[in-house]
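Everything quoted here is computed from the prediction, not taken from an experiment. Throughout, numbering of the chain's residues begins at 1 and tracks the sequence.
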Amino acid sequence: MIILFNVGIIGLVLLIGYWWANEGLFSSLLHLVCVITAGALALALWEPITMALMSGGGFDNYAWGIVLVGVFSISLLVLRVTCDKLIPANIQFPTWANVSIGGLTGSAAGIISIGICLIGSGFVQSTNEIMSYRGTGRDENSRGEIAKIGDPIWIDVAQLTSKFFSILSVGTLHPDISGAPLQQYNPNIDELSTLVRDSFDGGKGQLSLAPDAAKATMVAVSPEGMVVVQVTFNTKAKDFGGQLILASSQVRLIGEASGTNPPDIYYPMAWRQEVQDT
């Protein structure tokens, strides 16, 4: 199945590249700009829109993925229609330029588009694999350490997309008005999209929490560098069956970033429940 998954991704990228190569270099380049802009808008609006929709119900486990892909699709549609209206004529380039450069820019747009869709699919409650593709998760062979699971995909469109927008977030698209860059605030979203789904019973556990379901009440650091985070959960955090089920892959601690460098990411080593005296 993983071979079919790889063939499908490569086939879609080549198909999109071929389509825009036939449309011409200028149209292909214009579409790539629209895809990059739509992706930036989707990642910028993704969290506030999703948090506004979170209510503690069953839709919460699908909201993150649906909103990301939905905002990207709507933004791309609006940008494409606007560009077609404002720039109805094409610019003629030599055939070799349309086929070669136009094909490359079209393929780049395909990689980003498919990458965002793949990232979004990871934030939808389902099994922890898609056609035998697991991505990043808990390695059962090394005591649950976070690692790449299974065979790597031939063109990791999700990772390429995540790295591309992360680099833009500390460069050309740095949020100067407010907020932190994507690379510092929410790094490696391609890994996160498969980690959050690596939960109870092969991915059937709860994927998200309501905004007020948990609260970090204390953070302590030992002289050796161990970080202890005390978190209080209320009844909204309970999973199916009225229990709190939380995998170590679903929580991460992001370190403080320096300059344009990506921050360190840490995952829980152990869980302890506070026992109150009676």
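Remark: Arg134 engages Asp198 in a salt bridge, criterion side-chain N to carboxylate O under 4.0 Å.
With Gln250 contributing its side chain and Ala247 its backbone, the two residues share a donor-acceptor pair below 3.5 Å. With Gln184 contributing its side chain and Glu256 its backbone, the two residues share no donor-acceptor pair below 3.5 Å. Using modelled atom types, no side-chain atom of Asp60 and backbone atom of Leu209 make a donor-acceptor pair closer than 3.5 Å. Between the side chain of Gln206 and the backbone N or O of Ser208, at least one donor-acceptor pair lies under 3.5 Å. In terms of modelled atom types and a separation under 3.5 Å, the side chain of Arg197 and the main chain of Ser121 share a donor-acceptor contact.
If you check the side chains of Gln183 and Ser169, you find no donor sitting under 3.5 Å from an acceptor.
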Would Tyr267 and Glu145 count as a side-chain hydrogen bond (donor to acceptor under 3.5 Å, both in side chains) if you check the C-alpha gap in whole Å, the side-chain angles of each, and the deciding distance to 0.1 Å?
CA-CA 9 Å; Tyr267 297 93; Glu145 292 184 3; over 6 Å; no

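Interatomic distance, Ile111 CD1 to Ile116 CD1, rounded to the nearest 0.5 Å: 12.5 Å. Atom CD1 in Ile9 sits 11.5 Å away from atom CG in Leu4 (nearest 0.5 Å). Rounding to the nearest 0.5 angstrom, the gap separating the CD1 atom in Ile112 from the CG atom in Leu160 is 9.5 Å. A distance of 9.5 Å separates CG in Leu79 from CG in Leu30, rounded to the nearest 0.5 Å.
The shortest distance between side-chain heavy atoms of Pro181 and Pro175 falls below 4.5 Å. Residues Val157 and Leu118 are in side-chain contact: their nearest non-hydrogen atoms beyond the backbone lie under 4.5 Å apart. Here the side chains of Ile149 and Thr136 are not in contact, with every heavy-atom distance at 4.5 Å or above. When side chains are defined from C-beta on, Leu246 counts as touching Trp271, because their heavy atoms get closer than 4.5 Å. Proximity of Arg138 to Ser248: side-chain heavy atoms (C-beta onward) are separated by under 4.5 Å at one or more points. Looking at Val219 and Val228, their side chains never come closer than 4.5 Å, going by heavy atoms from C-beta outward. Taking the side chain as every heavy atom from C-beta outward, Cys83 and Cys34 approach each other to under 4.5 Å.
Nearest heavy atom pair, residue Trp20 against residue Gly106, reads CB-CA, 4.0 Å. Asn234 and Asp212 get closest at one heavy-atom pair: ND2-O, 2.6 Å. The heavy-atom pair separating Tyr185 from Ala180 by the smallest distance is CB-CB, 3.9 Å.
In this structure, Phe123 has its ring center under 6.0 Å from that of Trp46.
With Val81 as the partner, the side chain to side chain contact (heavy atoms under 4.5 Å, CB included) test is satisfied by one option alone out of Asp84, Leu77, Val78: Leu77.
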